Amino acid sequence: MSKKTLKIGMLGFGSMGKTHTFVINNLPFFYPSLDFSAEIAGVCTTTMEKSRRVCDEYGIKIATTNEDELINSPDIDIIDVCTPNILHFDTIMKALDAGKHIYCEKPLCITYEQAKIAADKAREKGVTCGVVFHNRHMAPLTRAKQLIGEGRLGRILSFHAVYYHSSCADPAKKAGWKQNKDICGGGVLFDLGSHVLDTVTYLCGDIESVMGMEQIAYPTRLGMNGEMWQTNADEAFYMLCRLPEGGCGTVIASKVHTGTNDDLAIEVYGERGALKYSLMDPNWLYFYDNTTPDTPIGGERGFTRIECVGRYEAPGGVFPSPKAPAGWLRAHVTSYMKFLSAVHLGEKFSPDFEDGATVQRIMEAAYRSAELGRFVDVGDVR
Ligand SMILES: NC(=O)c1ccc[n+]([C@@H]2O[C@H](COP(=O)([O-])OP(=O)(O)OC[C@H]3O[C@@H](n4cnc5c(N)ncnc54)[C@H](O)[C@@H]3O)[C@@H](O)[C@H]2O)c1
């Protein structure tokens with residue numbers, strides 16, 4: 001029996017449209033035994049030139065600047081929303097009316113009222129809808145959720161969660177749409193805070209009450225049109241939070257934390273144990289089991305660094321190998337690309353056969369040394 005192909009209409013093709021397309025196009029490598037396949041059937045961007053270029057580059061059939069063409073197409077099953085935040089709600093409503101499944105980038109909408117209408121309508125329609133809070137699917141956070149579910153932390157007493165970027169720490173950085181409340185709908189709280197709040201609620205459950213404080217570090221900076229622009233959206237946001245069972249915590253979302261790059265980090269402290277994770281250290285989950293004996297001299301008490309690396313739940317974690325650390329596959333992409341570029345330009349590639357021979361010579365000297373039981377000069381291997 002042939003596999004059903006789920007056809008996707010991609011709305012927006014900036015950083016996330018491209019990311020989702022990469023995922024769809026490469027899904028069979030990571031999940032070879034799925035009994036369905038998926039393809040991007042059409043792309044909608046703001047200009048026909050860009051939509052056509054994207055279709056040519058990625059082998060997509062329909063190019064359009066009218067999202068209704070994809071939303072109302074009987075050949076499309078899923079609408080993938082990768083447009084700026086203020087556009088999400090209207091698109092979602094139309095896609096639900098057309099009976100489509102929806103995969104929507106975060107934040108879902110720009111008000112709770114909109115989000116609630118969207119969630120209610122999605123339930124009524126019986127379609128499948130998802131928000132791209134992909135951090136949940138980082139292996140260490142999936143493992144953290146399991147440990148909390150097994151009661152290994154006990155009642156949660158405290159948590160500290162941050163999502164730090166450094167991009168707005170530079171006063172010379174131009175404001176993009178994510179720094180403009182009129183397009184983003186909010187500031188960094190929407191852009192990064194939505195991710196870290198999902199991480200907190202995923203691990204710690206509902207938040208009962210919050211106290212917030214916003215920060216604009218630079219009241220003016222260059223705008224998208226190159227002219228001075230009045231900053232209208234928070235560049236950092238600080239929160240105190242209370243959990244229903246008395247746990248308390250802090251959440252910070254910020255783009256003014258110099259030196260942080262892309263750091264979503266969370267610490268959760270419970271009666272029986274604690275957890276720590278950072279996106280900048282994505283191979284590991286740190287787990288402290290407060291029930292292990294601390295004698296003699298500390299026993300084996302202390303944070304365990306759990307090797308999550310590429311261990312994904314079945315049916316994933318087959319390719320790349322479960323032991324492949326984050327970044328392993330990416331280095332292969334760069335290696336092959338540099339080789340192909342060298343062939344294309346008629347240039348040398350590095351590492352070349354000379355580099356291969358250097359390593360070969362050392363290995364041969366090592367084998368020889370093991371056999372002889374003494375040091376062997378690498379230069380003596382000829
Ligand atoms: N999950 C994540 O890791 C992550 C990361 C970045 C952004 N996002 C979210 O993804 C969404 C898109 O962000 P991005 O970084 O890709 O933005 P982007 O600016 O890189 O791309 C936005 C795209 O939308 C297109 N667009 C704008 N108006 C449109 C319209 N009316 N119809 C169709 N296309 C239109 C633009 O041409 C562009 O191609 C946002 O909601 C953002 O919050 C999520």
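All values derive from a computational prediction rather than experimental measurement. For ligands, and for the atoms within them, numbers begin at 1 and follow the listed sequence.
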>> Under a 3.5 Å cutoff, is there a donor and acceptor pairing between the side chains of H257 and S166?
In response: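 No donor-acceptor contact under 3.5 Å links the two side chains.
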> How about Y164 and N261: does a side-chain donor come under 3.5 Å of a side-chain acceptor?
Replying inline: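 No.
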> Hey, does M16 come in under 3.5 Å of ligand 1, counting only N/O atoms on both sides?
Replying inline: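 Yes - when backbone and side-chain N and O of M16 are compared with those of ligand 1, one distance drops under 3.5 Å.
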Nearest protein heavy atom to [atom], by residue and atom, and its distance?
atom                    : value
atom 19 (O) of ligand 1 : W177 NE1, 2.7 Å
atom 11 (C) of ligand 1 : T83 O, 3.5 Å
atom 25 (C) of ligand 1 : G12 CA, 3.8 Å
atom 42 (C) of ligand 1 : K106 O, 3.5 Å
atom 20 (O) of ligand 1 : S15 N, 3.0 Å
atom 22 (C) of ligand 1 : C82 O, 3.8 Å
atom 37 (O) of ligand 1 : T46 OG1, 3.1 Å
atom 1 (N) of ligand 1  : E105 OE1, 3.0 Å

> Under 30°, 30 to 60°, or over 60°: which ring-plane class applies to Y58 and F13, parallel, tilted or perpendicular?
Replying inline: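 Rings of Y58 and F13: tilted, 30 to 60°.
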Of all the atoms in ligand 1, which lie at a distance below 4.0 Å from a heavy atom belonging to [X]?
X    : answer
H88  : 41 (O)
C44  : 33 (C), 34 (N)
N85  : 40 (C), 41 (O), 42 (C), 43 (O)
G14  : 16 (O), 18 (P), 20 (O), 21 (O), 23 (C), 38 (C), 39 (O)
H195 : 1 (N), 2 (C), 3 (O)
K50  : 39 (O)
L87  : 28 (N), 29 (C), 30 (C), 31 (N)

> Out of V132, L70, I8, V43, which residue meets the side chain to side chain contact (heavy atoms under 4.5 Å, CB included) rule with D80?
Replying inline: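 Result: among V132, L70, I8, V43, I8 is the only option passing the side chain to side chain contact (heavy atoms under 4.5 Å, CB included) with D80.
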Taking [atom1] in [X] as the centre, count heavy atoms belonging to other residues, nucleotides or ligands within less than 6.0 Å. Is the count above 12?
X    : atom1 : value
K18  : NZ    : no
D206 : CG    : no
F349 : CZ    : yes

> Does some non-hydrogen atom of E67 fall short of 4.0 Å from ligand 1?
Replying inline: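 No, E67 has no heavy atom closer than 4.0 Å to ligand 1.
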> Touching ligand 1 at all, V132? Heavy atoms, strictly under 4.0 Å?
Replying inline: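 The answer is yes: ligand 1 sits under 4.0 Å from a heavy atom of V132.
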> Does F22 have its ring centroid less than 6.0 Å away from the ring centroid of H20?
Replying inline: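 Centroid distance F22-H20: not below 6.0 Å, so no.
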> So, for Y286 and F303, is the gap between ring centers shorter than 6.0 Å?
Replying inline: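 Ring centroids of Y286 and F303 are no less than 6.0 Å from each other.
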> Between the main-chain N or O of D68 and the side-chain N or O of N72, is there a donor-acceptor pair closer than 3.5 Å?
Replying inline: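 Between the backbone of D68 and the side chain of N72 there is a qualifying donor-acceptor contact (under 3.5 Å).
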> Step by step, would you call D191 with K255 a salt bridge (Lys or Arg N to Asp or Glu O under 4.0 Å)?
Replying inline: CA-CA 10 Å; D191 195 34; K255 291 198 177 177; 2.5 Å; yes
